[in-house]
Every structure is written in structure tokens, then in C-alpha cells.
Student: 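Take a look at the following structure, please.
Bear in mind that the values here come from a model prediction, so they are computed numbers and not experimental data. In what follows, every heavy atom counts, from backbone to side chain, and hydrogens, waters and symmetry copies are set aside.
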Amino acid sequence: MMRTRPLKVALLGCGVVGSEVARIMTTHADDLAARIGAPVELAGVAVRRAGKARAGIAPELITTDATALVKRGDIDVVVEVIGGIEPARGLITTAFEHGASVVSANKALLAQEGADLHAAAEQHGRDLYYEAAVAGAIPLIRPLRESLAGDKVNRVLGIVNGTTNFILDKMDSTGAGYQEALDEATALGYAEADPTADVEGFDAAAKAAILAGIAFHTRVRLDDVYREGMTEVTASDFASAREMGCTIKLLAICERAEDGGSVTARVHPAMIPLTHPLASVRGAYNAVFVESDAAGQLMFYGPGAGGSPTASAVLGDLVAVCRNRLNGATGPGESAYAALPVSSMGEVVTRYHISLDVADKPGVLAQVATVFAEHGVSIDTVRQQGKDGEASLVVVTHRASDASLTGTVEALRKLDTVRGVASIMRVEGE
């Protein structure tokens, strides 16, 4: 039997995502009530400026006093879609203190303060759900946290930022340069006026921290994630990738060490074989590839951003939290029992593609090969092209640690026959 008293929801933020959450709550009210077992009521909407008209939202619900809204005491669930660290952190903890559970889409906050927020939720016996914080509408957090809870996840490899994937896809498919592709992404609304968070990997790094923490039952903070942006990727890098049967993606990679004793989390551009499922992810779409002991290889694919996709994930969490509320229970909280150390990037082992500008004369290849051997880096293939006294040398290594590769490159720069290191890129996804 359906409960007649509604569950009250406070919405913090009414931008692209927040307004869509409010719209779906209104237009799908009957369906949501049937799925939850009680009606849900939008009890208040906190915004920065109250003067703007908001379609579908009664003016009396609008407030600029978010703190008063979450302190009301009759709020069952707070939906936080304002982003940033403060005031979001204070509002969420205040919500817990006043008896509300929380649904958040705030990846930056969860990556930095997730442990404290989970602790506050547990202290007050409330839920903290955040499916929308990673990969928009793609169900990813819940499968990792619940569906694979009985399995051992070894690797999470993904494209988790639609803006960067759109730019790199354009560079690959049309031969455009980075700036040209970025300009098109901006014109189409895929890139912000200031795209730094996307193209320098900050957005993807926050998502990697969240994914690694859940996948490996270990607290991983944003500061633990190695981050490298994609602004230096060139058309010539794509040409080199095509010669290897690869393309280039900005990847978030979370891995358990082979001995199981540590984990790593990193974000950087990488060449990936065209045969890998992630290579075919086009445009502004996201996809995450998960490898586990029992389930094997799984891939999650779909739109990773935008008002409607993100609101879909928020509403999914809202339904789950409301059901828990009706049953007097809470869902899964933080699982950090493994407490594995997070290794530095220097310990990461992968393949590398190195392009060198060298003098076109006898003995250069032998000199370069000697440097690689002295640093314990095994060479897989070498390609050399020369003309008019100058040459390019492309070396692809077998698997090597980042630290050993760094030492190799430093030594190469000291050779008189090496004019410069044109590019270094990791090769992933084999």
C-alpha cells in the first residue's frame, strides 16, 4: 500500500542539471511515486539569485538561503547539484545533521572530501549516493559498489570526459589541430568558455579518484591521482598512432598492482589499439572498461554529461534513497577496508611511444639503443626516417616503469646526436 504522506526533497542548485531534475520530478510524479511507494514533493529550491523565473517551479519554492532550507527538519532528501567544495560541503553535512539523506553530483567534492562525507552520513544514519558524479547517465557507481561487490576488480579503464573525447575524435577523424577541434567543441557547447578543467584532466582525475576508491575498497583522494592534460597532443601524434594501428584517447586508469599490494590512479592521453572497445567511442560519449576476476571484461557506455543524462542518474539515486527512507534502512556506505597504499606514477608499468629528432648519420640508432639498454628499458620496435642531415626516430618499448622511462629520456637528451624529444606517449589497453 502506498504511503500518502509525501517524502520531501530539497534541491540545491537549479542550473542545467537542477532544472531538469525539477522537471522530471514534476512530469513523472506518478511514476516516481509508484516506484518508491510514496509521493515525492519538491519542498524547496535553493539558488544564488531569486529574481529569475524558472519554468515549472512555483516561485514560493525558490530561496537564496540554502542553509535554512537544509535545516528545516522536515526534509527527507537533499539533492545537491551546485558543484564546488564550499558551500556544498557545509550544506551536505548540515543536511545529515538535520536528518536528511543526500544525493550529489559533485565529483570534485567527493574526490577530495568523500571519506569525511561518508563518515558524517554513517554517524547520522543517512544515505550518501552519487551516481551522477561519474559518467553522467551511465550506471557505473552502483555496479561497482553493489553488482561487483562479491568480485575482485583489477582494472578500470575509461573515457570519462565527453569534451576531451570530442576534441580528440575530431583530430583523429578530420586531421584538425588541437585548437581547431577545441573551437568547434566550444561552438557546439561541448566545451566551456574556460575548458581548463576538461582539457588539463582535472575533471577526469576527480572521477578516477572516486572510481578507484570504490573499485579497490581503498580511500583514494584527488591528490593521489596522477594527472596529465591533452593540450600537447598533435596531428603528428595521431599519424604515429595510425601507423601503429592505434588512436589516442584521454584515459582515466585505475589499476591494482599485479601482486595485489597497491593501487594506482592516473589520467593522461594514451595510444590505444583500434581493436580495443574504447577506441570506437566517438564524439562526446563516455565509456568505462572494467576488468575483474570472476565477471571478466565489462564495458559501460553512454552519454557522460548534459542536463537530461545527469538528471537521470540523480533521479535513480533519489528513488533508491527514498525507498531506503521508507524502509528505515540505509544503502551501502563507504567500503575502504582494504586500505591499500596508492603507488606513485613512477612505479606504473606500461608501454611507451617515443619520437626523437636525431642527426641523420651512422651510429645514431646504436647510441639510442644503448641508452635504453643501460636503463633497463627493452625496445619493441624502431622506425627511422632521414633527409638532409636530419631524421626522426620512433621507438616503441616493451612494458617499462615510468621512472625508468624518465631516466632514459633524460639520458637521451644529453646525446649530441639527439636534437630533441618530439613526443612521449603511453600505449594502453592491450
Student: Between the side chains of Glu410 and Arg413, is the shortest nitrogen-to-carboxylate-oxygen separation below 4.0 Å, so that they form an ion pair?
Tutor: no
Student: For Lys71, is there an ion pair with Glu97 - N to carboxylate O distance below 4.0 angstrom?
Tutor: no
Student: Taking atom CD of Glu243 as the centre, report whether more than 12 heavy atoms of other residues, nucleotides or ligands fall under 6.0 Å from it.
Tutor: yes
Student: Using a 4.5 Å cut-off on heavy atoms from C-beta on, say whether the side chain of Val153 contacts that of Cys254.
Tutor: no
Student: Do Asn106 and Tyr130 come close enough that some side-chain heavy atom pair is under 4.5 Å?
Tutor: no
Student: Would you call Arg426 and Asp402 a salt bridge, using N to O less than 4.0 angstrom?
Tutor: yes
Student: Which heavy atom in Leu7 sits nearest to a heavy atom in Cys322, and how many Å separate them?
Tutor: CD1-CB, 3.6 Å
Student: Donor-acceptor pair, Asp127 side chain versus Ser101 backbone, under 3.5 Å?
Tutor: no
Student: Within the 4.5 Å heavy-atom criterion, are Leu251 and Arg266 side-chain neighbours or not?
Tutor: no
Student: Within the 3.5 Å criterion, strictly below it, is a donor on Ser404 or His375 matched to an acceptor on the partner's side chain?
Tutor: no
Student: Consider only side-chain N and O atoms of Arg126 and His124, and report whether a donor and an acceptor are under 3.5 Å apart.
Tutor: no
Student: Decide whether Thr234 and Asp237 meet the rule of one side-chain donor and one side-chain acceptor closer than 3.5 Å.
Tutor: yes
Student: Measure across Pro139 and Phe300 and return the closest heavy-atom pair with its distance rounded to 0.1 Å.
Tutor: O-CD2, 3.2 Å
Student: Where is the tightest heavy-atom contact between Tyr285 and Ile159, given as atom of each residue plus distance?
Tutor: O-CG2, 4.0 Å
Student: Taking the six-membered ring of Phe202, is the NZ or CZ of Arg227 close enough (under 6.0 Å from the centre) and on axis enough (within 45°)?
Tutor: yes
Student: Decide yes or no for Ile138 and Val288: does some side-chain heavy atom of the first lie under 4.5 Å from some side-chain heavy atom of the second?
Tutor: no
Student: Testing the basics here: between Phe216 and Ala338, what is the closest heavy-atom pair and its distance to 0.1 Å?
Tutor: O-CB, 3.5 Å
Student: For the pair Asp76 (side chain) and Arg325 (backbone), establish whether a donor and an acceptor sit closer than 3.5 Å, ignoring hydrogens and angles.
Tutor: no
Student: Counting N and O atoms only, with roles assigned by atom type, does the side chain of Asp317 sit under 3.5 Å from a partner on the main chain of Val314, one being a donor and the other an acceptor?
Tutor: no
Student: Around atom CD of Glu192, are there more than 12 heavy atoms from other residues, nucleotides or ligands closer than 6.0 Å?
Tutor: no
Student: Counting only heavy atoms from other residues, nucleotides and ligands, does the tally under 6.0 Å from CD of Glu122 exceed 12?
Tutor: no
Student: Any non-hydrogen side-chain atom of Arg256 less than 4.5 Å from a side-chain atom of Leu340?
Tutor: yes
Student: I'd like to know if the side chain of Asn327 and the backbone of Ala329 have a donor-acceptor N/O pair within less than 3.5 Å.
Tutor: no
Student: Compare every heavy atom of Val45 with every heavy atom of Ile57, then report the nearest pair and how far apart it is.
Tutor: CG2-CG2, 4.1 Å
Student: Does the distance from a Lys or Arg side-chain N to an Asp or Glu carboxylate O, for Lys170 and Glu180, drop under 4.0 Å?
Tutor: no
Student: Within the supplied structure, the quantity of interest is the number of heavy atoms (other residues, nucleotides, ligands) at a distance under 6.0 Å from Glu86 CD; does it exceed 12?
Tutor: yes
Student: Are a donor atom and an acceptor atom from the side chains of Glu347 and Thr264 found within less than 3.5 Å of each other?
Tutor: no
Student: Tell me whether Arg48 at atom CZ has more than 12 heavy atoms from other residues, nucleotides or ligands lying less than 6.0 Å away.
Tutor: no
Student: With distance as the sole criterion, is a donor-acceptor pair present between the side chains of Tyr226 and Glu228 under 3.5 Å?
Tutor: yes
Student: Between Ile36 and Leu326, what is the shortest heavy-atom contact and its length?
Tutor: O-CD1, 3.2 Å
